[in-house]
2 protein chains.
Amino acid sequence: MSGKKGYHHGNLPETLLGLGLEAIESEGREGLSLRALAERAGVSKAAPYRHFADRDDFLSALANEGYRLLYEALRAAVPPRESEILPSLGRAYLAFALSRPSLYRLMTAPGVCVVDQGSAASVPGAPPSEPGWPRRALLFLAECLARDAARQVGEPVPSADSAAAAWAYIHGLVMLRIDELFPLDYGEPDWEFLAGTFPRLQSRRDPDSGLTGS
Amino acid sequence: MSGKKGYHHGNLPETLLGLGLEAIESEGREGLSLRALAERAGVSKAAPYRHFADRDDFLSALANEGYRLLYEALRAAVPPRESEILPSLGRAYLAFALSRPSLYRLMTAPGVCVVDQGSAASVPGAPPSEPGWPRRALLFLAECLARDAARQVGEPVPSADSAAAAWAYIHGLVMLRIDELFPLDYGEPDWEFLAGTFPRLQSRRDPDSGLTGS
DNA sequence: GCTGTATGTTGGCAACGATAACATTATACC
DNA sequence: GGTATAATGTTATCGTTGCCAACATACAGC
């Protein structure tokens, strides 16, 4: 399947994406070179352009692949006990970003990955395209945040603000961490503590509801 | 001052940095080209290398300039009433990042700007070098966060975690906004929520890692 | 087998980063 | 003022990369 059969590679796009996942961490987004990937794949310098329009298109495909991995990581992190879902997901999210910082930065960079707007077929003739990986991953995350908020406060539909705040918080933690932006006098923050604490943000609308999660 | 006097430009570094501030927003970090900046400055393509070791060095200088602008924006945003400092600073921080998204991304990118470790002279004989713009900006922000937390709870020295959490929240909001990653429509951030909630985090750890730089 | 399409190769161009060798201006020092 | 020296800018050049055009090869349906 994956062996090269002479002239034709067999599955060059997947091979390039796999190499790209390694390269973006070792070389960074700017240092990633399609020519180098092609050579590493044992293929000529122009071969990638048969599968990807240009470099940006390849980077978009890489980011898409990243959202697929994130989605699977989040799904795998759902704990048996409903009450632990947010800390568990938060840690999984953080672990994913920390294990692939450059990819995470690429995924969240503007103009790289467009989160599609649901299954409304943009092209009239096309089938109702199912949501892409970015939407599936972010939607799944938002659903878990919303479900937990509803469980804590007892409302069926949580406020958008609480989910947004929780996500902003965890995203901010992730970015500060992967960008190594905590050089001030105080040492390394207690990330475990912070990651485990952010569910408390949910209870803003109802301050007297104990918020003692455990 | 800024006119070209024939062979010598006069103040090429400042001119290049000024052009770079525009270029990084219009072209993005990857699209920014030293050659193009040189041409735009009316100077040969190799001239920038007299002032900046390489492209990364120029980007670092750009980021440094960005921290200077951020520092000034934060200082200008300090309100007369102490109780409003957090919302005011939060808004200023957000406004800065939203007005210069690519620059902000560059400033917070890893390996671009090294935040110096304070005034402890690295070389024994050297004078106690004053902190650079990144440190001054971030320290000022942390001080304001800490002061506000202390004001609310009534403790002189707040915990590092509370400032870290508040900053993570702000930074996360900023990044989500910059990267247009917010599928949820979300208006003005709830600064009161930010101010009221995060000090609660502080009672968990020993507050011996002080923030007061001076 | 023949033909059309998908896939990969070769050659080449332009832009860019970076360096070396050279030219010109500013500055310090007498 | 005059000169040595450093600072600053220019020209020429190399290596890498993105990207395109023209060509070559493999595969699939008939």
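- B/R55 places its CZ atom 13 Å from the C1' atom of D/dT17, with the value rounded to the nearest Å.
- The CG atom of A/D57 sits 10 Å away from the P atom of D/dC19 (whole-angstrom rounding).
- Under the 6.0 Å cut-off for aromatic ring centres, B/Y93 and B/Y104 qualify, their centroids lying closer than that.
- Residue B/H51 places no side-chain N or O under 4.0 Å from the OP1 or OP2 atom of D/dA7.
- A salt bridge links B/R55 with A/E30: at least one charged nitrogen is closer than 4.0 Å to a carboxylate oxygen.
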Enumerate the protein-to-nucleotides 10-14 of chain C contacts in which both atoms are nitrogen or oxygen and the separation is below 3.5 Å.
from: C/dG11; atom 1: N7; to: A/K45; atom 2: NZ; distance (Å): 3.3
from: C/dG12; atom 1: O6; to: A/K45; atom 2: NZ; distance (Å): 3.0

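- Atom CD of A/E30 and atom P of C/dG17 are 10 Å apart (whole Å).
- With salt bridges taken as basic N to acidic carboxylate O contacts below 4.0 Å, one links A/R68 and A/E72.
- For the pair B/Y49 OH and D/dG9 C1', the computed distance is 15 Å after rounding to whole Å.
- Listed pair A/S33 / D/dG18 meets the phosphate criterion, a side-chain N or O lying under 4.0 Å from OP1 or OP2.
- The separation between B/R50 atom CZ and C/dT25 atom C1' is 13 Å, rounded to whole Å.
- Using a 30° and 60° split on the angle between ring planes, A/W133 and A/Y71 fall in the tilted class, from 30° to 60°.
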